[in-house]
Each structure stands twice: as structure tokens, then as C-alpha cells.
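Quick notes on the structure that follows.
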Number of protein chains: 2
Amino acid sequence: MRIINIAIVDDHPLIISGLVAILRPYNQIVVGGTYTSAAGLLEGLKSTPPDVLLLDILLPDISGKELVPAIRELCPETRILVLTSLDMPSMVSSMLRRGCSGYLLKGAPSHTLIDAIEIVFDGGQYIEPKLKEQLFQNFLKFKEHPKNQMVIPELTQREKEVLTLIAAEYTTREIASKLFISYYTAENHRNNLIQKLDVKNTAGLIKVAIQIGLIK
Amino acid sequence: MRIINIAIVDDHPLIISGLVAILRPYNQIVVGGTYTSAAGLLEGLKSTPPDVLLLDILLPDISGKELVPAIRELCPETRILVLTSLDMPSMVSSMLRRGCSGYLLKGAPSHTLIDAIEIVFDGGQYIEPKLKEQLFQNFLKFKEHPKNQMVIPELTQREKEVLTLIAAEYTTREIASKLFISYYTAENHRNNLIQKLDVKNTAGLIKVAIQIGLIK
DNA sequence: GCCTTTCTACCTGTTTTCCGGTAGGCCTAA
DNA sequence: TTAGGCCTACCGGAAAACAGGTAGAAAGGC
């Protein structure tokens with residue numbers, strides 16, 4: 001019988017012990033390591049890279065989101081299965097794009113967990129069906145009116161204004177001045193845009209702005 | 001028992017009779033009309049609008065693609081189930097965003113056909129699972145950008161490389177690392193780009209990069 | 001040879017962005 | 001009434017971009 005070596009990272013020890021208890025009856029699955037922080041995880045991965053990593057997104061030190069590239073760098077063979085309570089389609093695509101193999105909600109029944117682990121171990125992809133469906137529908141809606149600025153529920157009116165001005169090459173201070181708001185507020189909008197649109201910097205913002213037809 | 005009234009449009013009479021034969025055993029489904037052309041269909045819809053329309057895409061007079069809006073105009077209540085042999089994900093999204101409720105391949109088994117008819121009749125959506133999956137995966141890769149090697153005499157080869165990487169949201173330090181040059185050199189290229197292209201900052205660079213086709 | 005362009009590398013500053021917080025007021029939906 | 005979303009405002013610190021220099025090496029044309 002094949003053995004799947006897994007590791008678990010979650011900031012709540014209770015969750016970890018719960019998972020370990022759930023997995024115990026399944027002899028083909030061996031929990032090789034458990035971690036409560038990103039730092040500990042990265043340390044542990046060096047010595048014993050698991051086949052599958054159960055990853056929570058909300059961690060004490062850094063976000064699982066930023067953690068994924070580091071993990072992939074460290075042990076490219078390890079398949080990452082996101083196990084979180086974040087019930088957001090956008091998070092799913094964000095994590096998958098970063099290289100995760102699956103996305104599971106913490107409410108999932110134990111047999112689903114086992115299935116998911118085996119699927120990603122075999123090189124497949126497991127995504128919470130409900131979220132996958134939502135993501136798919138978003139995709140259809142997105143393609144429906146890619147040019148229409150009114151159909152981007154992701155952004156508020158104010159954020160779209162700020163994004164437009166960023167695209168017009170104004171600095172944050174100039175934007176604040178133009179919109180009659182504080183510099184801090186304008187910067188806040190800018191930061192929210194970067195988070196919401198899942199980009200790294202101004203360059204990414206401009207690309208999105210053009211994609212959604214906000215400029216040019 | 002509820003009765004589902006359906007209509008079929010397909011340019012091959014053989015396919016139509018085959019479908020009719022498949023559907024005959026199911027008493028809840030009544031074939032109210034069959035058509036071999038778009039013109040005939042539009043005529044027939046006026047008198048007897050069906051609950052569900054089985055629509056082929058390749059028709060003799062006009063494409064089913066262009067036909068859908070006309071059908072929706074004529075009888076908005078009718079749910080359209082695309083039944084075709086076109087095995088292309090892009091066609092699925094194309095038809096769905098025009099207002100179709102389902103997409104089925106002609107190779108589908110009869111019970112699947114029945115299921116799909118009932119699902120769309122109930123206001124749901126049925127999409128060939130394989131195509132749905134492909135479409136979903138395309139969506140995930142949506143953010144990749146195909147590069148284009150165009151001739152911009154204003155910029156040197158090295159500058160174009162740097163600009164491409166800036167547009168890919170890399171920092172100057174990362175770009176330097178990728179190109180095996182010093183951080184200062186990379187920054188120098190960045191500054192030169194801003195000067196040459198007469199823009200104020202990164203935002204302007206991205207816009208130019210897109211304009212000249214360096215990135216999507 | 002000389003001149004130009006390009007790529008390379010370095011330096012010193014200043015400005016801006018980026019990150020991750022906190023927090024109150026307002027409005028709306030539950 | 002409470003919860004949530006949005007806009008507003010603020011803070012501190014790190015990182016990156018921006019601006020304006022100098023300067024050597026290589027390659028090519030005249």
C-alpha cells in the first residue's frame with residue numbers, strides 16, 4: 001500500500017489535533033509534521049518535505065498567500081492543499097494561481113478530506129464544489145461585459161475613481177488633492193485596490209484598469 | 001405529472017428523428033416541434049413557444065450563435081439547451097453569455113439528455129462536465145500574458161526586456177536578478193524608459209507597454 | 001582613427017509606494 | 001438593534017521608485 005506523507009500548518013493547535021485524530025484511522029496517511037506558524041513550517045520543510053501539505057491561510061506571522069511561493073521554492077514536489085474557513089471564490093483563484101493543488105473548507109466531512117488528499121497526491125486538483133461553481137459563474141459574468149465599468153462588483157465607486165487617477169499617472173498625494181480627501185485615505189484606497197485585485201504593485205493595477213475598461 | 005414541452009432544431013433530419021426516438025419513452029417530455037432551419041424555427045416559435053429548445057449551432061442559413069438573441073427576443077421564457085458536436089470551451093462561454101441555459105455534446109447518453117432537459121427546465125444550468133472543467137482551467141490561466149515581439153525603434157532590446165518585466169509586476173531588484181545585471185543597471189534602464197517614453201512613473205510605462213503590444 | 005549608441009555599474013539624494021495596522025462615522029440590510 | 005460594508009483619517013516603518021549625476025567597455029559606422 002502506498003503511503004502519503006502529509007504535514008499540517010494551522011495557527012490553532014486544537015484544529016491540528018482534530019485533524020490528526022481524523023486522519024489516524026487511515027493507515028495510508030501519515031502525519032509527518034505539524035506547525036503553528038509559517039516560520040516553523042519553513043524550517044521543518046527543509047528536513048522532511050511532505051507529499052501533501054494542509055495549509056491554513058490565516059497564520060500568525062505571514063499570510064498563507066505569501067507563503068505559498070516560498071513553499072514551492074523550497075520543495076516543488078510537495079502538493080499544497082489549502083484548508084481554510086475563508087469562504088471566498090476570489091481566494092480560491094488566488095491560491096490556485098499561486099500554485100496550490102486544492103482548496104477545502106474546514107467544514108468539510110472527513111471522507112472529503114481524505115478524498116482531497118488522495119486526489120492532490122495523485123497530481124489532481126480538488127476544489128470545494130460550491131466555491132468552484134461560484135468561481136465559474138463569476139467567470140461567465142466577467143466575460144459578459146468586460147468593457148462595462150458598472151459590472152465590477154469587486155470595486156466600489158470610490159476605488160474606481162482612485163484607480164482611474166492612478167492610471168492617469170497621478171501620485172497618491174495628487175489624487176488626494178483632486179478628490180478632496182486626506183493623503184492617508186487615498187493611500188488606503190490604493191492599498192485596498194492592490195489587495196482586492198490581487199496584484200503586487202502599481203503595474204498590476206494599471207493592467208487591471210485596462211482589462212476592465214476603466215481607461216484607454 | 002408536469003409536462004415539458006420541447007422543440008428541436010437541427011439541420012440533419014436523421015438527428016432529429018433520432019432525438020425524437022430517444023425522448024419518446026419519457027412521457028413527461030413532449031416534442032412540440034422540430035425544425036431544420038433557423039427561418040422555420042423562428043416561424044414556429046411564434047405559434048408554439050416551447051419550454052426547452054434543443055439547439056444545434058451549425059445550421060444552414062445562419063449560425064445558432066447569432067440565432068440565440070432572436071430566440072430570446074421572441075420568447076424569453078424558453079430555455080435554450082445547446083446540443084452540438086462542437087467540442088470547444090470557447091463556444092460554451094460564447095453561447096452561455098448569449099443567454100443559453102445549457103451545453104450538451106451530441107455524444108451524450110440519453111439519460112444525460114433527459115437530466116439536462118429537466119435541469120434547464122427547472123431554471124438550472126447544465127454544461128458538459130468536460131468542457132466546463134476546461135473552461136474553468138482556462139479561467140485560472142487567464143492572467144498569463146502572451147508576449148509579442150514588435151519593432152519599437154525608440155527602445156533598445158534590453159529596454160524592452162526590462163519593460164516587459166516591469167509590466168509583469170517585478171521589482172527592479174527582481175529584474176536585475178532575472179537578467180543577471182546589477183540593480184543599478186536595471187534601475188538605469190527603468191529611468192531611461194521613463195525619459196524616453198515621456199511618462200511620469202510606472203503607471204505610464206505599463207500603458208505604453210500595452211499600447212506598443214509588448215504585453216497583452 | 002573618431003564618434004555614437006548601448007549596456008554596464010555605481011553613487012547620493014528625495015519622493016513615493018507598499019504594508020499592516022487602528023478607528024470613527026455613515027448607511028443599509030438583516 | 002446589530003452587523004457589515006464603505007469612506008474617511010491616521011500612524012510607523014520598510015521597500016522601492018524617481019532624479020540626476022559619472023564612467024568604463026564593447027560594437028558599429030564614418
Side-chain angles (χ1 to χ4, degrees), chain A residues 11 37-38 57-67 69-70 85-88 90 94 150 152-209, chain B residues 151-209:
Chain A
D11 56 338
S37 72
I57 295 175
L58 299 174
L59 296 176
D61 32 8
I62 71 166
S63 158
K65 220 163 158 177
E66 304 151 46
L67 190 55
S85 45
L86 291 179
D87 189 357
M88 306 182 322
S90 62
S94 175
M150 306 319 274
I152 297 119
E154 271 187 299
L155 301 186
T156 66
Q157 186 56 42
R158 206 54 160 171
E159 284 167 345
K160 280 186 273 187
E161 288 173 38
V162 171
L163 181 52
T164 306
L165 291 173
I166 292 173
E169 299 176 41
Y170 291 108
T171 68
T172 306
R173 220 167 280 278
E174 289 168 335
I175 292 169
S177 162
K178 272 194 180 292
L179 296 181
F180 303 106
I181 58 179
S182 151
Y183 162 74
Y184 297 107
T185 305
E187 181 154 297
N188 197 33
H189 286 310
R190 184 187 211 107
N191 287 333
N192 288 338
L193 282 166
I194 289 179
Q195 300 299 323
K196 277 193 182 180
L197 298 175
D198 191 27
V199 295
K200 289 169 65 184
N201 48 32
T202 306
L205 287 181
I206 305 306
K207 288 196 292 180
V208 173
Chain B
V151 192
I152 300 98
E154 277 185 291
L155 302 184
T156 67
Q157 184 56 40
R158 205 53 161 170
E159 284 167 345
K160 279 186 277 186
E161 287 173 42
V162 171
L163 180 53
T164 305
L165 290 173
I166 292 172
E169 299 174 44
Y170 291 108
T171 67
T172 304
R173 205 148 250 126
E174 289 168 334
I175 293 170
S177 162
K178 272 193 183 292
L179 296 181
F180 303 106
I181 57 178
S182 151
Y183 163 73
Y184 297 107
T185 305
E187 182 152 294
N188 197 31
H189 287 309
R190 185 185 210 110
N191 287 332
N192 288 338
L193 282 166
I194 289 179
Q195 301 299 325
K196 276 194 181 180
L197 298 174
D198 191 28
V199 295
K200 290 170 64 182
N201 50 31
T202 306
L205 286 181
I206 305 305
K207 287 196 292 181
V208 173

Can a side chain N or O of [X] be found less than 4.0 Å away from OP1 or OP2 on [N]?
X	N	result
A/Arg173	C/dT15	no
B/Thr172	D/dA16	no
B/Thr185	C/dT8	no
A/Thr156	D/dG5	no
B/His189	C/dT8	yes

State whether the distance check finds a donor on one side and an acceptor on the other, under 3.5 Å, for side chain [X] versus base [N].
X	N	result
B/Asn188	C/dT8	yes
A/Asn191	C/dT17	no
B/Glu187	D/dC18	yes

Distance check needed: [N] [atom2] versus [X] [atom1], whole Å only.
X	N	atom1	atom2	result
B/Lys196	C/dT5	NZ	C1'	9 Å
A/Asn192	D/dC7	CG	P	9 Å
A/Leu155	D/dC6	CG	P	10 Å
A/Phe180	D/dA9	CZ	P	12 Å
A/Glu169	D/dC18	CD	C1'	13 Å
B/Leu165	D/dA17	CG	P	12 Å

Discussion item. Could you check whether B/Glu161 pairs with B/Arg158 (Lys NZ or Arg NE/NH1/NH2 to Asp/Glu carboxylate O, under 4.0 Å)?
Written reply: yes
Per atom distances to the B/Tyr184 side chain, the nearest of C/dC11, D/dC7, D/dA9 is C/dC11
Requested in this report: Kindly check if the number of other-residue, nucleotide or ligand heavy atoms within 6.0 Å of NZ (A/Lys200) is above 12?
Outcome: yes
Assign each of A/Ile181 and B/Ile194 the nucleotide of DNA chain D bearing its closest heavy atom; nearer the 5' end lies the nucleotide of A/Ile181
Discussion item. What's B/Thr171 touching, base or sugar-phosphate or nothing? Going by heavy atoms closer than 4.0 Å.
Written reply: sugar-phosphate
